Protein chains: 2
Amino acid sequence: MARPRKFDEVRAVDAAMEAFWAAGYEATSTQDLCDATGLGRSSIYNTFKSKHDLFERALARYMERKNGELTEFLDDDTRTARQKLRGILQRIIDEEFTRHPDGRGCLVVNTAIEVASHDAPVAAALERDYGVRLEMVRAVIERGQRDGDIAADRDSRTLAHLLIAAIGGIRVSARAGVDRAALESVADATLTAF
Amino acid sequence: MARPRKFDEVRAVDAAMEAFWAAGYEATSTQDLCDATGLGRSSIYNTFKSKHDLFERALARYMERKNGELTEFLDDDTRTARQKLRGILQRIIDEEFTRHPDGRGCLVVNTAIEVASHDAPVAAALERDYGVRLEMVRAVIERGQRDGDIAADRDSRTLAHLLIAAIGGIRVSARAGVDRAALESVADATLTAF
DNA sequence: CCAATTTTGTACTGATCCATCCAAAATAAA
DNA sequence: TTTATTTTGGATGGATCAGTACAAAATTGG
């Protein structure tokens with residue numbers, strides 16, 4: 001009994017995500033969000049409480065998408081645990097150098113650096129997401145330990161923290177101008193610790 | 001034959017550095033810079049071309065300071081090469097958790113993530129700085145290899161890239177809420193690869 | 001067709017953005 | 001003291017910021 005929406009809310013969040021991903025939180029204006037989503041200001045403020053609220057939704061969507069892709073990758077059991085861990089790092093490198101040559105990096109890492117320390121709810125979301133990824137990686141490592149693929153005497157939780165730190169490290173280095181070959185050697189060297 | 005300056009330019013750059021470090025480039029307004037330096041707008045714009053120019057100076061000063069501290073640390077030869085590498089990581093962790101509990105992190109990492117991809121001169125500065133740090137770390141590693149402290153059959157350049165990536169990874173993880181004990185175990189595990 | 005309800009486009013708010021302008025103040029050389 | 005030069009404070013510029021107000025448009029139930 002009212003005028004229906006002309007747009008898809010999920011698609012709007014996706015478009016906002018792309019905008020925040022490309023430019024960062026501060027540098028993305030509400031006008032940029034209107035342009036990216038194709039919506040007017042009224043539609044945006046009628047649907048989302050604020051720029052910040054839209055950012056939280058966009059960030060959640062990004063995490064959901066990325067963790068979904070990771071789950072899918074890890075569920076393919078044609079690879080050993082070790083190959084899976086190396087594959088995780090390779091995918092990061094590929095993403096940094098080919099998928100997005102404009103250097104937008106990873107929205108989670110960008111957010112951890114740019115906004116987490118000034119924004120408690122965002123920091124909490126990042127912490128939850130870290131926990132999710134930690135458990136995913138830890139499960140792979142423990143499987144590798146049972147298979148004899150990874151040394152069983154090492155703490156799986158620590159190794160999982162190490163792998164996730166390697167992801168962040170590779171991403172930071174990529175932004176600092178380190179070339180692809182060097183980062184692949186870093187990925188190989190990291191696996192040496194497993 | 002003219003009115004002299006009432007302020008010290010270097011101190012002004014230091015103050016600006018603190019401001020950018022605490023809030024990031026975009027979130028630091030020119031008014032914030034006036035407040036932090038204690039200067040009026042005229043003095044700032046008379047001394048520096050723009051906010052961006054002042055940022056480049058502040059970033060250069062940060063790099064100079066941090067690399068100086070690192071040189072000082074590495075020049076103390078009461079430690080083995082391995083202990084030095086572990087010490088580098090420990091200092092990062094200490095800084096993240098105690099020196100600046102407000103979570104400002106590292107200006108170089110923050111800049112790599114927030115501005116490098118949109119700003120060529122800043123990206124170039126980061127790349128140069130990375131090269132400087134790479135050589136410093138590599139020198140330590142090669143010394144360790146000569147001393148039998150570090151496996152001599154590994155590529156020193158790769159290991160140096162790995163150590164620097166570990167720094168970035170630890171910093172990103174710290175911002176994502178990972179606790180100190182976990183990061184220290186990550187530092188230990190990283191050294192396992194050497 | 002009418003009434004009720006929601007979305008949408010546009011105009012607008014006051015604040016803040018980075019930067020410039022200009023004249024008063026301060027100093028050194030003449 | 002005068003003159004030349006530079007710094008400084010404060011006002012100002014136009015643009016943009018996040019967010020709101022409001023009425024026209026669009027739809028469904030009556």
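These values consider heavy atoms only, across backbone and side chains, with no hydrogens, waters or symmetry-generated copies. First the proteins, then the strands, lettered A, B, ... as listed; each starts at 1. Only a predicted model underlies this, so the values are computations on that prediction, with no experimental measurement involved.
Here A/Val109 sits in one hydrophobic cluster together with A/Ile113, A/Val172, B/Val109, B/Ile113, B/Val172; the rule is ILVMFWY side chains under 4.5 Å apart, joined directly or through other members.
The neighbour count for B/Arg41 CZ, taken as heavy atoms of other residues, nucleotides or ligands under 6.0 Å away, is above 12. By the neighbour-count criterion of 12 heavy atoms within 6.0 Å, atom CZ of A/Arg11 is sparsely surrounded, having that number or fewer from other residues, nucleotides or ligands. With a 6.0 Å radius and a threshold of 12 heavy atoms from other residues, nucleotides or ligands, B/Arg61 has its CZ atom above the threshold.
The salt bridge (charged side-chain N to carboxylate O under 4.0 Å, His left out) analysis of residues 110-130 of chain A, with sequence neighbours excluded, yields the pairs A/Asp129-A/Arg133.
Judged by distance alone, the side chain of A/Lys51 and the main-chain N or O of A/Tyr25 form a donor-acceptor pair under 3.5 Å. Looking at B/Gln83, its side chain does come within 3.5 Å of a backbone N or O of B/Thr80 through a donor-acceptor pair.
The nearest whole Å value for the distance from the CZ atom in A/Arg41 to the C1' atom in C/dT13 is 11 Å. Distance CG (B/Asp8) to P (D/dT7): 14 Å, rounded to an integer number of Å. Look at CD on B/Glu9: it is 14 Å from C1' on D/dT6, rounded to the nearest Å.
The stretch residues 111-121 of chain A does not touch DNA chain D, since none of its heavy atoms comes less than 4.0 Å from the strand. For the segment residues 42-57 of chain A, the set of residues with a heavy atom within less than 4.0 Å of an atom of DNA chain D comprises A/Ser42, A/Tyr45, A/Ser50, A/Lys51, in numerical order. Near DNA chain C, defined here as any heavy-atom distance below 4.0 Å, the residues from residues 29-39 of chain B are B/Ser29, B/Thr30, listed numerically.
Classification of the B/Trp21-B/Tyr62 ring pair by plane angle, with boundaries at 30° and 60°, yields perpendicular.
Applying the side-chain hydrogen bond (donor to acceptor under 3.5 Å, both in side chains) criterion to B/Asp179, with sequence neighbours excluded, gives no partner residue.
Note that CG of B/Leu163 and CG of B/Leu191 are 7.5 Å apart. Values are rounded to the nearest 0.5 Å.
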